[in-house]
Amino acid sequence: DFNTTHFLELDNEYQSYHSKDRTLFKEINIGLNAIKQKEIIKSDADISSLKKLDEMRKSYAKALDYFEQRDYDKTEEEIIKTLRPILSTPGPGILPSSYIKQVANVVLDSLYHLGVIYLNSSKYKEKYAKAAAIFKYCQNFHIKYKPEFQVDGSEIDPTYFELLVLSVEKLFLFSLSISSISNSLQEEDRLPALYFFQNYKKPLQELRSEVGLELEKIKKYHSSNICSRVDAVKSLYGKCSDFFINKHGTGFVQRMMQECLHQLGCRLEDDEYAIISLGSFALGTMTPWSDLEFAILVRAPDYKEYFRDFSRLLQIKIINLGETILPIVGIEALNNVRTGNEEDEWFWDGLTQRGFCLDGKRWYACKSALGRQGGYKILKKLNGESILTDIPDYELILTTDEMAEFQSVAPMSTSWFETDKYLVQALRFTSLIMGSQKLFDDYKEKLQHKISIEMLQSRTLELLQEDVSR
């Protein structure tokens, strides 16, 4: 039902994306008798801030020493101490962003070393995607603050980090023994960067411009002409839908996925798998700024590892678009979303303009093929107390029987609906992105036999009541 609510949601996303930074800067130097005394007496806040800046520099120096000693755990600890006072969520005790320029080179080099640690670590899941996200943030940071920054004695510009993200993709493919890799960034690496811009970034920018113009036209519809307004909004959603996923297999998402299959050397027939969309992409209400939620049906369990690699490669490519904010990537050193401890989620990304990205890594999100992994904990209220509770892991690369099992009613144990009702709901309303129509139809048929109409109605009402209560 395309009504004015859909238009407002679409318009709000458009306006939010193009809104300018509204961060307020507050002067904290207090001038007392400046003309007579010809000096500025600093406030207690200034003195405290200068101490924090000094502590940051000391932690940074320690981090470099530990890095040279290859003690990466201690390096990471000192990097966190370096970044936390100035890149945390704004609040009491956090340095205002106006101080960043004074330590911009320290911040950038700390982030760069953190990216290198993740890239070379064996203890982090999805380490290549996380390293790519850190390097992409470094690029945005360099563009905004323009610090003097050198790598191996050479002055570098923001382009270096863009090429570094592309090299992360190469390194990932190399780890699978698919491609060769050189030790340095070569001039020919600029060709993939240009290809990526022409095939993905530029078309997405053009769509957003077109949608912006259409929204301005829709705003001018008179309230008495509501039917025409609804038709125009519906048409705009159709345009967005066709851009990302269409029946010809040439949509933005489809082309990116086909590129991943090609790079991985796909030897599977189309009837062996079905990649399906969830959320707004399945419902036809996606916008040029929607996040991508998807799952993968496989005919045989043997194909799961292949599609795990496929999903990791896709994640790297989407991060390379530069519209994935760091907190939703779930980088343990910055935003550890698994512990259930708010103190572990401190990093605030005030640089990246969020746009097209994968569904985030917070426990209630995770609606992509790699799912929720690594032992998540959440705080639950029990008898008025907050209790840290384990929640189950899951993956969304499954056979049709396994995927349909999320809908089951388990009388003797906790059902998935009780654990994660929005995941269960999302897996009921899906559409085919690419692959086997037959496999997809088989899954849809299995859904019909999993729960009764009465149970489905009850669940739908529960979700509706929960949404209304918000």
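Worth knowing before you read on, the calculation uses all heavy atoms, side chains too, and leaves out hydrogens, waters and symmetry mates. Since the structure is predicted, the reported quantities are computational estimates derived from the model, not experimental observations.
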- Message: Rounded to the nearest 0.5 Å, what separates atom CG in Asp291 from atom SG in Cys357?
- Response: 5.0 Å

- Note on the structure: From the list Tyr306, Tyr443, Phe307, ring pair (Phe, Tyr, Trp, His ring centres under 6.0 Å) partner of Tyr273 resolves to Phe307

- Euclidean distance, Ile80 CD1 relative to Leu114 CG, rounded to 0.5 Å: 7.5 Å

- Message: Please verify the inter-ring angle class for Tyr394 with Trp416; under 30° counts as parallel, over 60° as perpendicular, anything in between as tilted.
- Response: perpendicular

- Short side-chain to backbone donor-acceptor contact, Gln254 and Ile433, under 3.5 Å: yes

- Does Glu462 come within less than 4.0 Å of Arg459, counting only side-chain N to carboxylate O? no

- Task: Using a strict 4.0 Å threshold on nitrogen-to-oxygen distance, state whether Arg312 and Asp309 make a salt bridge.
- Result: yes

- Got a sec, which residues hit salt bridge (charged side-chain N to carboxylate O under 4.0 Å, His left out) with Asp152, two or more places apart in sequence or on another chain? none

- Message: Working to the nearest 0.5 angstrom, can you tell me the gap between Ile328 CD1 and Asp359 CG?
- Response: 7.5 Å

- Query: Just by distance, do the side chain of Lys146 and the backbone of Ile143 share a donor-acceptor pair under 3.5 Å?
  - Reply: yes

- Item | Spacing of Phe141 atom CZ and Thr352 atom OG1 [to the nearest 0.5 Å] | 12.0 Å

- Note on the structure: Val165 and Lys136 have their tightest heavy-atom pair at CG2-N, 3.9 Å

- Quick one: side-chain hydrogen bond (donor to acceptor under 3.5 Å, both in side chains) partners of Asp344, sequence neighbours excluded? Thr339

- Considering all heavy atoms of both residues, which atom of Ser311 and which atom of Ile397 are nearest to each other, and what is their separation? OG-CD1, 4.1 Å

- Query: Does some side-chain heavy atom of Trp346 sit less than 4.5 Å from a side-chain heavy atom of Leu83?
  - Reply: yes

- Message: Checking side-chain polar atoms at under 3.5 Å, does Tyr422 have a donor or acceptor matched by the opposite partner on Asp467?
- Response: yes

- Message: Quick check for you: to the nearest 0.5 Å, what is the distance between Glu259 atom CD and Asn199 atom CG?
- Response: 7.5 Å

- Among side-chain atoms of Lys202 and Gln205, is any donor-acceptor pair under 3.5 angstrom? no

- Task: Answer yes or no: is there a donor N or O on one side and an acceptor on the other, between the side chain of Ser290 and the main chain of Thr287, under 3.5 Å?
- Result: yes

- Task: Determine yes or no for a side-chain-to-main-chain donor-acceptor pair under 3.5 angstrom, with Lys377 supplying the side chain and Val337 the backbone.
- Result: no

- Message: Testing Tyr237, Phe243, Phe281, Phe356 one by one against Met286 for a side-chain contact (heavy atoms from CB on, under 4.5 Å), which residue passes?
- Response: Phe281

- Message: For a side-chain hydrogen bond (donor to acceptor under 3.5 Å, both in side chains) check, start with the C-alpha distance between Glu332 and Tyr118, then their side-chain angles and the critical distance, and finish with the verdict.
- Response: CA-CA 10 Å; Glu332 290 82 354; Tyr118 268 77; 3.2 Å; yes

- Message: With rounding to the nearest 0.5 angstrom, report the OG1 to CD distance, Thr460 to Gln465.
- Response: 11.0 Å

- Item | Main-chain N/O of Asn105 paired to Asp109 side chain as donor or acceptor, under 3.5 Å | no

- Item | Non-hydrogen atoms of Ala132 and Ile316 that approach each other most closely | CB-CG2, 4.4 Å

- Task: Carefully, step by step, assess Lys421 and Glu466 under the rule salt bridge (Lys or Arg N to Asp or Glu O under 4.0 Å).
- Result: CA-CA 11 Å; Lys421 55 177 67 75; Glu466 188 171 308; 3.4 Å; yes

- Message: Could you tell me if the side chain of Leu108 sits less than 4.5 Å from the side chain of Cys138, heavy atoms only?
- Response: yes

- Query: Under 30°, 30 to 60°, or over 60°: which ring-plane class applies to His113 and Phe67, parallel, tilted or perpendicular?
  - Reply: perpendicular

- Item | Option from Tyr145, Phe347, Phe161 for which ring pair (Phe, Tyr, Trp, His ring centres under 6.0 Å) with Tyr137 holds | Phe347

- Answer yes or no: is there an ion pair linking Asp393 with Arg372, defined by an N-O contact shorter than 4.0 Å? no

- Please report the closest heavy-atom contact between Phe406 and Glu395, naming both atoms and the distance. CZ-O, 4.3 Å

